[in-house]
Amino acid sequence: MKHELEKIYNPDLFEDKIYQQWEESGFFNPDKLNLPDDAPAYTIVLPPPNITAKLHLGHSAMLAIEDLMIRYRRQNGYRVLWLPGTDHAAIATQNMVEKKIFAERGKTRHDLGRENFLEEVNNFVVETQATILNQTRKMGASLDWSRLAFTLDEERQRAVLKMFLDMHQEGIIYRGERIVNWCPRCHSTLADDEVEYKEQAAKLYTFKYSPDFPIAISTTRPETKLGDTAVAVNPKDKRYSDYIGKEYVVNFCGQTLKIKIIADRNVEMDFGTGALGVTPAHSVVDWHMAEENNLEIIKVINEDGFIKDDFGVYSGLTALVARDKIVNYLREHNLITQEEEIVNNLSCCYRCDSPIEPLPSKQWFIAVDKPVVRLQGKSLKQAALDLAQNGEVKFLPERFNKRYCDWMENLHDWCISRQIWFGHSIPAWYKGAEVYVGAEAPIGEGWVKDEDTLDTWFSSGMWTFSTLGWPDNYKDGVKSGDLARFHPTQVLETGYEILTLWVSRMMMMSLFALGEKPFSHVYLHGTILDESGKKMSKSKGNGIDPLEVIKKYGSDAVRLSLLMGATPGNDSRYNEEKIAAKRNFINKLWNISRFILSGASEDDLNVSADILPKPLTLADRWILSELISVRKIVDASYADFNYSYGADALYDFTWNKLADWYLEIAKVEKNKGTILVYIVKNLLIMWHSSIPYVTEAIWQSFNDSILMIEQWPKIEDKLDFLVSVSENDGDNFSFIQEAISSIRNARSENKIEPSRKVQALVFGERADLLFSQAALLVGLRTGIESFELGVDVPTSDSIKISLGKTEIYLLGAIDPEKEKERLLKERANLEGLITNLSQRLNNEEFVARAPKDIVRAETDKLNRYKAELENITAAL
RNA sequence: GGUCGUUUAGCUCAGCUGGUUAGAGCGCUGCAUUCACAUUGCAGAGGUCAGUGGUUCGAGUCCACUAACGACCACCA
């Protein structure tokens, strides 16, 4: 079992083999973990990556963080489920395949036909999915592949169908006419977030509909004015207040319009003439005004971007041509009072860049404001809002709670139908004006299936429970199977950019389907930017392929570089040097282990990671107290989602405490095999969740078991016999270098005999420890094998090392003047602290209301400060 | 236009509820090297914590304003 480790850690030799071993062990699957029935569950559903493309570094960061959460919980006895999957990303995928087919064969999806096209899409999906899953494995993600899901696979299709039917039955899903973002080229609606705004120069025309109409209006789109049914002014605007409520019949460019003057506070008095021509059919804002004022809605432009019939000479023209024609008419009739060049934002299709035409269209919606019986009359919006507001779902960082709530409060009914082919079909059939909703086609002739598909977020919104067997595992309001065990999930870890798009939908869907939250915590990671701080994107070509970096530095190094120094919600820059630094660290850990294991006996190797070895020297007590303190820091930080801080503490311990100090001591003090192996075992366990491969590789070089399921150590917590050392002690050793060269010089000049006696004088409260380490290093570097050590009276400015008859004096770095200054400052500081604390402790209200342990802690603090003050005063 | 974030060493970033002398990694400078590791070790230089004002015994931390950069949302008649 025990085998030698290579001189340098080579990830290539281990990673694939180890991953395969993990997978074959079955322990990614919670059912295979040997756990008591009451073991608490810990579930994370992996945010399913879009199958449009291979993974990028952002995904790697996500996998690193989630795998850490998962592995840490697995080590702590949880029934851990990390559930993998991919998202069909309806529009994005269809678009990508369309482009590909067009580039390769010059054909459109219409050329291929629905069936053939969907087959092409499916081939594409299979291909990219394989790539994605391979990349995910390379990261070392301990996902339960037996539960792999896809938002468009058969099970999910059943779930989506059921959800649609349930919501329809409840009256939450309805078909209605609304203004949608319509792309005349793609023949599809776009979600608001699929619309891109482009700044462009436009002409703002100010004119009157007709000579006899009293108010001039401004617009950049005169052709839509054919559909105007009102003019809106600000109610505060004195210029127009007399007209409000009046109705006019005007002849606008040869067409008859009925115009009512209405008041609306959203109209800006300063823009143009302060009056707005209301075109309900072609503007979202106007649509709302029309609803409030019962205005007629007149469609002017059709789905192809042409002017509709019944508009005389304008019918059949494209919007742009019609615009020119109308402007000419207005000019000829002297109705234009101003033409102005302005810059405005044109809304464009994110796919084809065509200008968006806002059009009324029949679509399926989810009503977010409607009371839902199964939610005790709350609306979806309200219920989802409550989860955040009453703290049932916590956001990290907290500020995203506000963003979530703001967005939720402004949420309108969610349009869920999309005019694309790739996606979940809508279970609706039409016959004339009749609509049928059901799982199967209705009986009878002449029913036509709805050709649209569902918004991709509809299925991904169900992700936490559609992956756990809903609806089969949910009967009469009772959960069973996976759903009972693993829902609600613990953490949703995802990027903040989809907080609104995805997280909010998951909340509503879960509330509707199960009446419960989908998760307790939302951890939002930042974006990985490129080295210059720009977003990585395909179009810019500045993306980094995780596989290449992994190949160069190893998976663990990539993971660690993404974990350390990263805080939730904050973006971080890609930095290859950082990865190299982590690679070096991993090699350091490897060599620490190599050194320890090579010197360990068979008995040493069998030491339990739970029980402190004994007896202990001073140095042992010190390193063990550091180890225990690190474990506490790690536990506390991981509990707070502060992964960077925990890793920092481990890193510092491993390199600066264990390698730099304790191993050097161990070389001299000898017989430390047991305790060293004990430390290594604990260290590997604690490091495993961040850098699983190298830790597993080392572990298996001297154990038959798999480290992945090794339990988090339960080290005794009796710290009273341990040594506590401040973090800055390393600074006190600047004299060592000098000592070493002094001794060497003395020797080479034959000034001293090769004495076996070393005596050093060390000052400070931890003189014994400093002494031990100092003597150790001096001895180590000078080849003196045994020492006789002693501590002398502390002095404030010098350190003396005697070698036999020769004495070496080493001056400390402390300047008495500066020291005095420091003490004075500290005294003032302490006095302030004491005043402040005394005041608080004299405050009856504080003492009465604050928890007892806080009061006690404050009292202790006060006493400590007082004692310190006395010391300082004495020293001065 | 609204909301939010960022600004700390040459670079990339930590710094929790205000509390001794502001930290890390990389880079830089000097020194060391048959040692588990040169993917190494030791030491050093380098910061008026973006600016101004305020609260406080005490501010990198809290408040206000300013500036630069960035993100999101909305709208642009």
Side-chain angles (χ1 to χ4, degrees), chain A residues 5 7-9 192-193 197 199 202 204 217-221 224-225 232 266-268 271-273 275-279 283-286 342-347 397 399-400 402-403 406-407 410 496-497 499-500 526-527 529 531 533-535 553 557 561 564-567 569-575 577-578 580-599 636-637 640 642 644-645 648 651-652 656 659-660 663-664 667 727-728 730 733-734 736-738 740-741 777 780-781 818 822-823 825-836 865 868 872:
Chain A
L5 302 178
K7 197 169 177 183
I8 282 174
Y9 173 60
D192 288 343
D193 46 85
Y197 293 96
E199 275 205 350
L204 182 70
I217 58 162
S218 302
T219 184
T220 52
R221 300 200 58 191
T224 63
K225 300 290 108 182
N266 291 320
V267 178
E268 279 188 39
F271 190 93
T273 58
L276 161 68
V278 180
T279 321
S283 153
V284 179
V285 180
D286 296 7
I342 61 161
V343 175
N344 79 343
N345 269 338
L346 185 66
S347 19
R399 66 185 134 93
F400 284 103
K402 183 174 152 41
R403 194 193 277 192
D406 285 352
W407 191 82
N410 293 319
Y496 60 77
E497 70 276 4
L499 171 71
T500 48
T527 309
L529 307 171
E531 281 180 310
K534 301 235 163 56
K535 247 187 189 169
Y553 296 102
S561 77
M564 291 185 71
T567 43
N570 288 340
D571 296 347
S572 55
R573 291 190 190 195
Y574 174 72
N575 187 343
E577 283 171 2
K578 187 173 169 188
K582 302 312 169 201
R583 188 265 324 263
N584 295 355
F585 169 77
I586 282 157
N587 190 54
K588 186 76 182 179
L589 178 63
W590 174 266
N591 270 293
I592 289 168
S593 311
R594 185 161 87 99
F595 172 65
I596 291 175
L597 297 175
S598 68
S637 339
D640 277 351
N642 196 347
S644 179
Y645 194 75
D648 255 358
Y651 188 96
D652 180 59
N656 300 331
D660 289 351
L663 288 192
E664 298 302 315
K667 283 174 184 169
E727 287 168 15
N728 296 325
F733 289 92
S734 52
I736 287 172
Q737 203 67 36
E738 280 185 68
I740 292 168
S741 26
L777 276 197
L780 184 76
R781 300 293 191 214
K818 279 190 182 165
R822 187 184 72 83
L823 288 175
K825 198 173 168 191
E826 174 145 8
R827 186 171 67 177
N829 190 18
L830 279 170
E831 280 167 356
L833 279 169
I834 289 168
T835 317
N836 196 353
Y865 290 151
E868 233 175 288
I872 287 173

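Only this structure's heavy atoms are used, side chains among them; waters, hydrogens and symmetry mates stay out. A, B, ... follow the sequence lines: proteins, then strands. Residue 1 opens every chain. Predicted, not measured: the structure shown is a model, and the values here were computed from it.
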Partner set under side chain to side chain donor-acceptor pair (under 3.5 Å) for R573(A), not counting sequence neighbours: none
Residue whose nearest RNA chain B nucleotide is more 5′ - M564(A) or N587(A): M564(A)
Touch class at under 4.0 angstrom, heavy-atom based, for A580(A) against every strand present: nothing
Partner set under side chain to side chain contact (heavy atoms under 4.5 Å, CB included) for F400(A), not counting sequence neighbours: F395(A), P397(A), R403(A), Y496(A), L499(A), L524(A)
Selected nucleotide, minimal atom distance to Y651(A) side chain, candidates rG25(B), rC75(B), rA36(B): rG25(B)
Rounded distance (Å) that lies between atom C1' of rC72(B) and atom CD of E497(A): 11 Å
Candidates rG25(B), rC75(B), rC72(B) - which lies nearest the side chain of K535(A): rC72(B)
Interatomic distance where CG belongs to D571(A) and P belongs to rC72(B) [whole Å]: 10 Å
C1' atoms of rG47(B) and rC28(B), separation to the nearest Å: 16 Å
Selected nucleotide, minimal atom distance to Y496(A) side chain, candidates rU39(B), rA36(B), rA71(B): rA71(B)
Interatomic distance, D648(A) CG vs rG15(B) P [rounded to whole Å]: 10 Å
Between rC49(B) and rU21(B) - P atom distance, rounded Å: 15 Å
P atoms of rG18(B) and rA43(B), separation to the nearest Å: 34 Å
K225(A): salt bridge (Lys or Arg N to Asp or Glu O under 4.0 Å) partners, not counting sequence neighbours: D228(A)
For S572(A), side chain to side chain contact (heavy atoms under 4.5 Å, CB included) partners two or more places apart: I528(A)
Residues in side chain to side chain contact (heavy atoms under 4.5 Å, CB included) contact with R594(A), at least two apart in sequence or another chain: L5(A), K7(A), W590(A), N591(A)
R221(A) CZ - rC75(B) C1' separation (whole Å): 16 Å
Separation of rC72(B) P from D406(A) CG (nearest whole Å): 16 Å
Gap between atoms CZ and P, on F400(A) and rC73(B) respectively (whole Å): 12 Å
Short side-chain N/O contact from K7(A) to OP1 or OP2 of rU40(B), under 4.0 Å: no
Any donor-acceptor N/O pair, K582(A) side chain to S561(A) backbone, under 3.5 Å: no
Distances under 3.5 Å between nitrogen or oxygen atoms of protein and nucleotides 55-59 of chain B:
| from | atom 1 | to | atom 2 | distance (Å) |
| --- | --- | --- | --- | --- |
| rC57(B) | N4 | N836(A) | ND2 | 2.4 |

Sugar-phosphate, base or nothing in reach of T567(A), heavy atoms under 4.0 Å: sugar-phosphate
For S637(A), side chain to side chain donor-acceptor pair (under 3.5 Å) partners two or more places apart: none
Partner residues of D640(A) under the salt bridge (Lys or Arg N to Asp or Glu O under 4.0 Å) criterion, sequence neighbours left out: none
Spacing of I592(A) atom CD1 and N587(A) atom CG [to the nearest 0.5 Å]: 10.0 Å
rA67(B) and rC57(B), which share atom name C1', separated by this distance in whole Å: 32 Å
Pair assignment for RNA chain B - dot-bracket with | for other-strand partners, Watson-Crick or G-U under 3.5 Å: (((((((..((((.....[...)))).((((((....).))))).....(((((..]....))))))))))))....
Separation of rG25(B) P from Y645(A) OH (nearest whole Å): 15 Å
Short side-chain N/O contact to rG25(B) OP1/OP2 from K578(A), under 4.0 Å: no
Main-chain N/O of G526(A) paired to N570(A) side chain as donor or acceptor, under 3.5 Å: no
N584(A) side chain, from C-beta outward: closest of rU39(B), rA36(B), rU3(B): rU39(B)
Report each atom pair, protein N/O against N/O of nucleotides 4-11 of chain B, whose distance is under 3.5 angstrom.
none

Whichever of L529(A) and A581(A) has its nearest RNA chain B nucleotide further upstream toward 5': L529(A)
N or O in side chain of T527(A) less than 4.0 angstrom from rA71(B) OP1/OP2: no
Spatial distance of atom CD1 (I586(A)) from atom OH (Y553(A)) [nearest 0.5 Å]: 12.5 Å
Nearest-Å distance once atom P is located in both rU6(B) and rU61(B): 13 Å
Sugar-phosphate, base or nothing in reach of V267(A), heavy atoms under 4.0 Å: base
Inter-residue atom distance D648(A).CG - N642(A).CG, 0.5 Å rounding: 9.0 Å
Side-chain N,O (K588(A)) to OP1/OP2 (rG41(B)) below 4.0 Å: yes
Contacts of A581(A) that satisfy side chain to side chain contact (heavy atoms under 4.5 Å, CB included) - sequence neighbours left out: none
P-based separation of rC65(B) from rG27(B) [nearest Å]: 43 Å
Sugar-phosphate, base or nothing in reach of S218(A), heavy atoms under 4.0 Å: sugar-phosphate
Sugar-phosphate, base or nothing in reach of K582(A), heavy atoms under 4.0 Å: nothing
Rounded distance in Å - CZ (R583(A)) to P (rC37(B)): 17 Å
Results of salt bridge (Lys or Arg N to Asp or Glu O under 4.0 Å) for K402(A) - residues two or more places apart only: D406(A)
Nearest-Å distance once atom C1' is located in both rA59(B) and rU52(B): 15 Å
Touch class at under 4.0 angstrom, heavy-atom based, for S283(A) against every strand present: nothing
Side chains of K535(A) and L529(A) in contact at under 4.5 Å (non-hydrogen atoms): yes
Euclidean distance for P, rG58(B) against rU12(B) (whole angstrom): 35 Å
